[in-house]
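Let me begin by presenting the structure, written as C-alpha cells, before commenting on it.
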Amino acid sequence: MAIPLVDLRAQYVAHKLELDSALHDVIDGASFIKGKAVFEFERNFAAYSEARHAVGVANGTDAVRLAIEAMEFEPDAEIVTVTNTFIATAEAVTQARARVRFADIDRRTWLIDPKSIRDALTPNTAALLPVHLFGTPVDMDSVAAIAHDRGLKVIDDSAQAHGARYKGRRVGSLGDVSTFSFYPGKNLGAFGDAGAVTTNSDDVDERIRLLADHGRLEKYEHLVEGWNSRLDTVHAAVLDAKLRHLDQWNASRRRIADQYSELLADVPEVEIPEVTAGAEPVRHLYVIAVEERDRLRQHLAEQGIATGIHYPIPLHLQPAYRHLGYARGDFPVAEWLAPRILSLPIYPELPDDQVAFVAGAVRSFFGRS
Ligand SMILES: *Cc1c(COP(=O)(O)O)cnc(C)c1O
C-alpha cells in the first residue's frame with residue numbers, strides 16, 4: 001500500500017466532466033484575463049465567505065501583500081504574525097514594506113498565542129496577522145480585543161482555512177481583510193497558483209482591485225503604480241466549479257480527522273492539538289506531536305505512508321530572518337513543537353481503511369495493537 005499525503009488526481013477524476021467543461025468554456029470564450037468566470041467566482045466566493053467583497057489575485061502570498069498595501073501604513077509600520085507558519089505570511093509583510101515581528105504559539109492549540117502578541121507590540125505596531133493554520137481558526141476574540149485596545153488592523157491569513165467557522169462566522173468575514181491561497185493542495189485549489197482577499201470594506205476592495213491590476217481605472221489610465229496580480233480566468237472557472245463541492249470535501253476532512261483522533265486517543269505518546277474554543281476547523285492538515293518524530297516518520301515511510309512537517313524550522317530561526325535578531329529561546333513553544341510535529345495523510349477522498357491503516361501504523365510504533 002502507498003498512501004500519499006494528498007492526492008490531487010483523486011479529486012480531478014471524481015469531477016472530471018465538470019472541470020473539463022469549465023476549462024473548455026474558458027478556452028472557447030478566449031477571454032483569459034478578467035473573463036466572466038472571474039467575476040462569477042468573486043461573487044460566489046464572497047457569498048460563501050460571508051463577506052461583502054472578494055477580489056481574485058495571482059496567489060496567496062500576493063493576497064497578504066496586497067491586503068497590507070491596501071492599508072497604506074506608515075513606512076516603519078510593524079506587523080505581528082506567528083513564528084510557526086509558511087514563510088509566505090512573513091515574506092508578504094516585507095514585500096509590502098512593513099516590518100515583521102513574530103509571536104509564539106499557544107501550547108494547547110499550536111496557533112498564535114494572544115499573550116505573545118501583546119509582548120510583541122510596540123508603538124509602531126500597525127496590524128496583527130494571525131494564521132488559521134491547519135484549517136483551525138485562531139482565538140479571534142482575543143486577537144480582536146488586542147486590535148481594538150491598540151487601534152490595530154487585523155489581516156487573517158486564511159490560506160489553510162476556506163470554509164472554517166469561528167463562533168458561527170465564516171473565516172473570510174472575521175478580520176478587516178482575510179487572505180486566501182488556492183494553491184493546488186489547499187482545501188480549495190486551482191490548477192496552478194491563485195489567491196483571493198475578502199473584506200467588508202468597500203475602500204479596501206477598491207484599493208486591492210486597483211493595486212492588483214496596474215493601478216488602473218481605465219485600460220490606459222493609471223491612478224497609481226500597481227502590480228500585475230490578477231486571478232486568471234481559467235483558474236476562476238475551475239475554482240467556481242470546485243466551490244460547489246467545498247463543504248462536502250471539508251466534511252470528509254473532518255470525518256477523517258475525527259477518525260484519527262479516535263484511533264489515537266489511547267496513545268499517550270501522541271499529542272493532538274486542541275481546537276480553539278468556538279471554532280469549527282476544516283482540517284487542511286492533521287498534525288500530531290511525538291517525541292521521536294523522525295523515527296516515527298521513518299517507521300511510517302517503511303509502510304508506504306507519506307508524512308509532512310508543517311513546519312520544521314520556526315520562522316524566527318530561519319536564515320532568511322537572521323537580520324531580525326531573534327535567537328533560540330525567544331519562542332519556546334514553537335521551538336518545542338518544531339522537532340515533534342508531524343502531518344499525517346489527509347484529503348477528502350482518503351478511504352476509511354487507509355486512515356485506519358495509518359493510525360494502526362502509528363499505534364504499532366508505540367507498541368499498541
Ligand atoms: C499556502 C500558504 C500561503 C501562500 O499561498 P501561495 O498561494 O502559495 O502564495 C500563505 N500562507 C499560508 C499559511 C499558506 O499555507
Side-chain angles (χ1 to χ4, degrees), residues 5-6 8 41 45 54-69 79-96 100 102-103 105 109-112 127-138 140 143 154-164 171-172 174-175 177-198 208 212 227-232 234-236 238-239 242 250 253 273 281-287 308-315 318 320-321 334 337-338 341 343 346-347:
L5 196 56
V6 292
L8 298 181
F41 173 66
F45 191 67
V55 187
V57 298
N59 56 67
T61 313
D62 275 10
V64 182
R65 176 171 60 81
L66 289 160
I68 298 168
E69 289 280 356
I79 297 183
V80 180
T81 192
V82 64
T83 189
N84 186 35
T85 180
F86 181 53
I87 191 171
T89 314
E91 275 177 329
V93 172
T94 313
Q95 289 168 3
V100 184
F102 291 118
I105 54 171
T109 63
W110 308 351
L111 303 174
I112 196 165
L128 306 180
L129 176 46
V131 182
H132 308 301
L133 205 71
F134 318 130
T136 305
V138 307
M140 279 300 271
V143 171
V154 177
I155 299 160
D156 51 333
D157 183 340
S158 309
Q160 302 192 0
H162 325 68
V171 160
L174 304 174
V177 196
S178 306
T179 67
F180 292 88
S181 165
F182 305 119
Y183 178 84
K186 299 286 158 82
N187 287 33
L188 180 61
F191 286 176
D193 281 310
V197 300
T198 58
I208 291 175
W227 290 273
N228 176 353
S229 183
R230 296 170 302 233
L231 173 65
D232 294 326
V234 282
H235 295 313
V238 166
L239 290 166
K242 286 191 175 191
N250 284 341
R253 288 176 178 275
V282 288
R283 303 299 192 177
H284 175 60
L285 296 168
Y286 186 86
V287 294
I309 300 176
H310 300 92
Y311 294 90
I313 307 172
L315 293 182
Q318 290 283 358
Y321 289 119
L337 183 64
I341 197 166
S343 301
I346 191 165
Y347 55 92

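Ligands are counted one by one from 1 in listed order, and the atoms in each one are counted from 1 as well.
The two atoms that bring L315 and Y321 nearest to each other are O-CD1, 3.5 Å, heavy atoms only. In terms of heavy atoms, H284 sits closest to K186 at CE1-CA, 3.6 Å. Scanning both residues, Y347 and L5, for their nearest heavy atoms gives CD2-O, 3.6 Å. Shortest non-hydrogen contact noted between N84 and Y311 is OD1-N, 3.3 Å.
Every residue was checked against the ring-ring contact (aromatic ring centres under 6.0 Å, His included) condition with H132, not counting sequence neighbours, and none meets it.
Using a distance-only test at 3.5 Å, with no hydrogens or angles considered, no donor-acceptor pair links the side chain of D156 to the main chain of S158.
The shortest N or O to N or O distance between A159 and ligand 1 is not below 3.5 Å. Considering backbone and side-chain N/O atoms, S181 comes within less than 3.5 Å of an N/O atom of ligand 1.
Of all atoms in ligand 1, listed by their number and element, those nearer than 4.0 Å to a heavy atom of A88 are 3 (C), 4 (C), 10 (C). The atoms of ligand 1 that sit less than 4.0 Å from any heavy atom of T89 are 11 (N). Close contacts of ligand 1 with N59, meaning ligand atoms under 4.0 Å from a residue heavy atom, involve 7 (O), 9 (O). Here is the list of ligand 1 atoms found below 4.0 Å of a heavy atom in V131: 13 (C).
For atom 9 (O) of ligand 1, the nearest non-hydrogen atom of the protein is T61 OG1, 2.5 Å. Nearest protein heavy-atom contact of atom 15 (O) of ligand 1 is Q160 NE2, 2.9 Å. Of the protein's heavy atoms, D157 OD2, 2.7 Å lies nearest to atom 11 (N) of ligand 1. Regarding atom 14 (C) of ligand 1, its nearest protein heavy-atom neighbour is K186 NZ, 3.2 Å.
With a 4.0 Å cut-off on non-hydrogen atoms, T85 touches ligand 1 through its side chain and not its backbone.
Expressed to the nearest 0.5 Å, how far OG1 of T81 lies from CD1 of I112 amounts to 5.5 Å.
The neighbour count for Y183 OH, taken as heavy atoms of other residues, nucleotides or ligands under 6.0 Å away, does not exceed 12.
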